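What follows is a short report on a single structure.
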Amino acid sequence: MKKQLKNLFKYLCIAICTSIYSSCNYLNVDEYFNDMIPLDTVFARQELLERYLWGASYLLPNEGDLYSNSFGPYMTATDECLMSWRKAEYAGTFLQADQVTPFSGYYNMWDRYYQGIRKANTVMTRIDECKDLATFDRREILGLAHFLRGYFYFHLLQLYGPVPLLPDEPLDVGAPLEELCYERNTYDECVDYICADMEIAYDYLEASRPSNQITRPTKYAAAAVISRVRLYAASPWYNGNTAYSTWTTSDGRHFISQERDNSKWALAAEAALRIIESDNFSLHTVMRGEGNVEFNGGGLDPEVEAEYSASFPDGMGDIDPYRSYANMFNGETPVSQNPEVIYSMTLSNTNTQIALPLSMDGYNGCNITQVLVDAYRMNDGSDYNIDEHPDYYQLMTETDKTFSGYILNPSGGTANNGNAQVVNMFNNREPRFYATVAFNESYWEGTSITNSSELTARTKQVMHYYVGQNGYQGPNNPEDYCLTGYICRKYVHPEDNARGSAGGVIKAKTFPIFRYAEILLNYVEALNNLEQPYTVGDSVTIERDPAQIQKYFNMIRFRAGLPGITLAEASNPQTMQDLIERERMVEFAHEGRRYHDVRRWGIAMETENAPVRGCNVEINANSEEGRRNYYRPVNVDHQYAQHTFTQKMYFWPIPDSKLKQNPLLVQNPGW
């Protein structure tokens, strides 16, 4: 029977049925649930129904796999990141090299996501067959099913753009072939469908979860999806973009709206405001203690001086900005104790290992680019312009400078690394810089090692990212070296060490898929783009309010230890848009947001075609002249730094096999 089904299904053209090619039966549930159990049996008992639903959730990608074997090119194909390798494990690098085609097979998630959609549809249409299901459990299961279906469509939308929306009733595999083929819906139709599912999930799901269900979505996870999707839909690339004027459905509807609708920003603002007004979330903060970051004082505006002493959220006087940011990502704060996290998944240890030094059995190759480094401010809120600081390459006069547990310019490294020689351009930067960026002469503790014979060689390392040094290539690892002079250490705890044979461990971490900081910046951006007041729903009036923009934007600034913006800045839409774009780049560095931001803003052609810049790692930085030339940014001279971006890359290509199976599908423009 199974063979007969397989022979029948291979001719079906709708993508939802193509999961058969990767499994024996399209009713496959998951690795823990026998796929041969009949659906009549599944829906006869609550226990089996729940297991079937968990099988659908198993098809979601692990969004904590940011770089290696990720579910999309969202980290490895952006201007904030340059990987030291170009291979299928980091397939986004092929997009940057224009080596992706509809035949490539990279990130082919089409079948998987539609299989999840079918499972969710099956649950929703057959749940009433389960007679032992209590009312409360029924709402929970329906809420999760709607969340899953909407979330699968969201993943399809952000990768491929507009996709076919299938009937809610599961497809009848015995129907004529022409009834199983569906063309793509428009972008706005997909957005509305996703939001409708999430609204139901919002109504049905609980507001919080116990610690043993911490990664299960809540009603606010659904609200966060709406916030992100509505923000994307209101953005210029998807709202009145005439670059897609000839891309239409069979009946002439534009896949991307051709007329700008400013009211979409109101929908985005209302979605974020719902979470803000719930009072269920707040920015993660750690209270101030000894050894905190010291700020540049004196000569500042009195209002700015007051912000340095005022309590959060009106200032930063009572919090530790470095720990408040760093501890969210390095595993120090458990997710159950983090009021900022709305929805999360386990973070893969690979995200840590690719940043760790070779001496700690790391890969030493998750590079940060100069454009991201330059986006970070000084700790007084000013910019760092190398041309205005001719002493940029001079050595810091302070040694063993310690703040918030971070050690800058230590006077004693190990393993023949000698003393660190940190230069002035890395002194007095904002706290998020130190939490995210490892630079030449950075200090890595790696103290989880328990084998005393390896302590000297494997811990407390000062890394030198230039030719011939411990952060440069070696004979056994020719590609495992830093190409830009900067490594992402955001997901590294000071104790982390991958040298398992010597007792080293990597601290368990959670990746915040949605966090409150995003909701605040979503709200600020949506308000900033409003041109008139709008009424959303029955009674919510949304309008551009500079005081609200200033308030919520400054909460992000204060948590980061930076002075806030003025009301005058908040009153200028273009000034605010520039500030928002820069703030999102820094606040969400290496979290996968940048890929989508530059696309929805319509600036990807500029950002992704700009030369990749960094330090000149081919220069020996031991001498004063060497440091002068090493630290002055240059275009990175490496084959993997040669990037190309064309308009087709705004969307990932639909696999050619799907086009052949469904003649109603049309390919994304340019592919």
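Quick caveat, the model's predicted, so the values are computed rather than measured. Numbers here simply count residues along the sequence, with the first being 1.
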Less than 6.0 Å separating the ring centroids of [X] and [Y]?
| X | Y | answer |
| --- | --- | --- |
| Tyr153 | Tyr193 | yes |
| Tyr244 | His254 | no |
| Tyr106 | Phe94 | yes |
| Tyr187 | Trp247 | no |
| Phe645 | Tyr650 | yes |

So, are [X] and [Y] salt-bridged, with charged N and O less than 4.0 Å apart?
| X | Y | answer |
| --- | --- | --- |
| Arg139 | Asp203 | no |
| Arg253 | Glu189 | yes |
| Arg515 | Glu587 | yes |
| Glu140 | Arg209 | yes |
| Arg559 | Glu340 | yes |

Taking all non-hydrogen atoms of both residues into account, name the closest pair between [X] and [Y] and its distance.
| X | Y | value |
| --- | --- | --- |
| Leu157 | Cys190 | CD1-CB, 3.9 Å |
| Gln96 | Cys81 | NE2-O, 4.2 Å |
| Leu159 | Pro73 | CD1-CD, 3.9 Å |
| Arg184 | Val666 | NH1-O, 2.9 Å |
| Met124 | Ile127 | O-CG2, 3.9 Å |
| Leu60 | Arg112 | O-NH2, 3.1 Å |

Rounded distance (nearest 0.5 Å) linking atom [atom1] of [X] with atom [atom2] of [Y]:
| X | Y | atom1 | atom2 | result |
| --- | --- | --- | --- | --- |
| Ile226 | Ile275 | CD1 | CD1 | 8.0 Å |
| Arg216 | Ser208 | CZ | OG | 12.5 Å |
| Thr535 | Ile542 | OG1 | CD1 | 9.0 Å |
| Glu525 | Leu520 | CD | CG | 13.0 Å |
| Leu665 | Cys181 | CG | SG | 8.0 Å |
| His146 | Ile194 | NE2 | CD1 | 14.5 Å |

Look at the rings of [X] and [Y] and say which category their plane angle falls in: under 30° parallel, 30 to 60° tilted, over 60° perpendicular.
| X | Y | value |
| --- | --- | --- |
| His155 | Phe71 | perpendicular |
| Tyr67 | Tyr491 | perpendicular |
| Tyr160 | Trp110 | perpendicular |

Next on the checklist: Set out, in order, the CA-CA distance, both residues' side-chain angles and the distance that settles salt bridge (charged side-chain N to carboxylate O under 4.0 Å, His left out) for Asp111 and Arg118, then state yes or no.
Outcome noted: CA-CA 10 Å; Asp111 288 353; Arg118 175 176 175 79; over 6 Å; no

Does the side chain of [X] pick up a donor-acceptor pair with the side chain of [Y] at under 3.5 Å?
| X | Y | answer |
| --- | --- | --- |
| His284 | Thr333 | yes |
| Thr242 | Ser245 | no |
| Asn280 | Tyr220 | yes |
| Ser250 | Glu183 | yes |
| Asn121 | Arg149 | yes |
| Thr249 | Asp251 | yes |
| His590 | Glu80 | no |
| Tyr534 | Asn262 | yes |

Test item: [X] and [Y] side chains (from C-beta on) under 4.5 Å apart, heavy atoms:
| X | Y | result |
| --- | --- | --- |
| Pro655 | Lys658 | yes |
| Asp197 | Cys195 | no |
| Arg593 | Glu518 | yes |
| Leu39 | Tyr52 | yes |
| Pro38 | Thr41 | yes |
| Phe136 | Glu206 | yes |
| Tyr552 | Leu521 | no |
| Phe329 | Glu591 | yes |

Checklist entry - Are the side chain of Trp671 and the backbone of Lys648 linked by a donor-acceptor contact shorter than 3.5 Å? => result yes

Item to check | Residue among Ile580, Asn528, Leu527 satisfying side chain to side chain contact (heavy atoms under 4.5 Å, CB included) with Phe553 | outcome: Ile580

Next on the checklist: For Lys119, run the side chain to side chain contact (heavy atoms under 4.5 Å, CB included) check against Leu53, Leu148, Leu59 and tell me which one passes.
Outcome noted: Leu59

Next on the checklist: My understanding is that only residues two or more places apart in sequence, or in another chain, count here; which of them pass side chain to side chain contact (heavy atoms under 4.5 Å, CB included) with Glu543?
Outcome noted: Pro533

Checklist entry - For Arg126, which residues count as a side chain to side chain donor-acceptor pair (under 3.5 Å) partner, sequence neighbours excluded? => result Asp40, Glu129

Item to check | Sequence-distant partners of Gln258, side chain to side chain donor-acceptor pair (under 3.5 Å), two or more places apart | outcome: none

Item to check | Test log, rule side-chain hydrogen bond (donor to acceptor under 3.5 Å, both in side chains), inputs Glu89 and Ser68 | outcome: CA-CA 5 Å; Glu89 186 178 355; Ser68 174; 2.4 Å; yes

Item to check | Trace of the side-chain contact (heavy atoms from CB on, under 4.5 Å) decision for Asp656 with Gln667 | outcome: CA-CA 8 Å; Asp656 182 74; Gln667 183 58 276; 5.8 Å; no

Checklist entry - Has Arg274 got its NZ or CZ under 6.0 Å from the middle of the six-membered ring of Tyr202, at an angle within 45 degrees of the ring axis? => result yes

Checklist entry - Could Arg599 and Tyr595 be counted as a cation-pi pair, given that NZ or CZ must be under 6.0 Å from the ring centre and within 45° of the axis? => result yes

Item to check | side-chain contact (heavy atoms from CB on, under 4.5 Å) between Met345 and Thr510, worked out | outcome: CA-CA 6 Å; Met345 285 188 179; Thr510 302; 6.0 Å; no

Next on the checklist: If you count heavy atoms of other groups shown closer than 6.0 angstrom to CD of Gln532, is the number above 12?
Outcome noted: yes

Next on the checklist: Please evaluate residues Asp65 and Ser70 with respect to the criterion side-chain hydrogen bond (donor to acceptor under 3.5 Å, both in side chains), reporting the C-alpha separation (whole Å), side-chain torsions for both, the decisive distance (0.1 Å), and the verdict.
Outcome noted: CA-CA 5 Å; Asp65 291 334; Ser70 63; over 6 Å; no

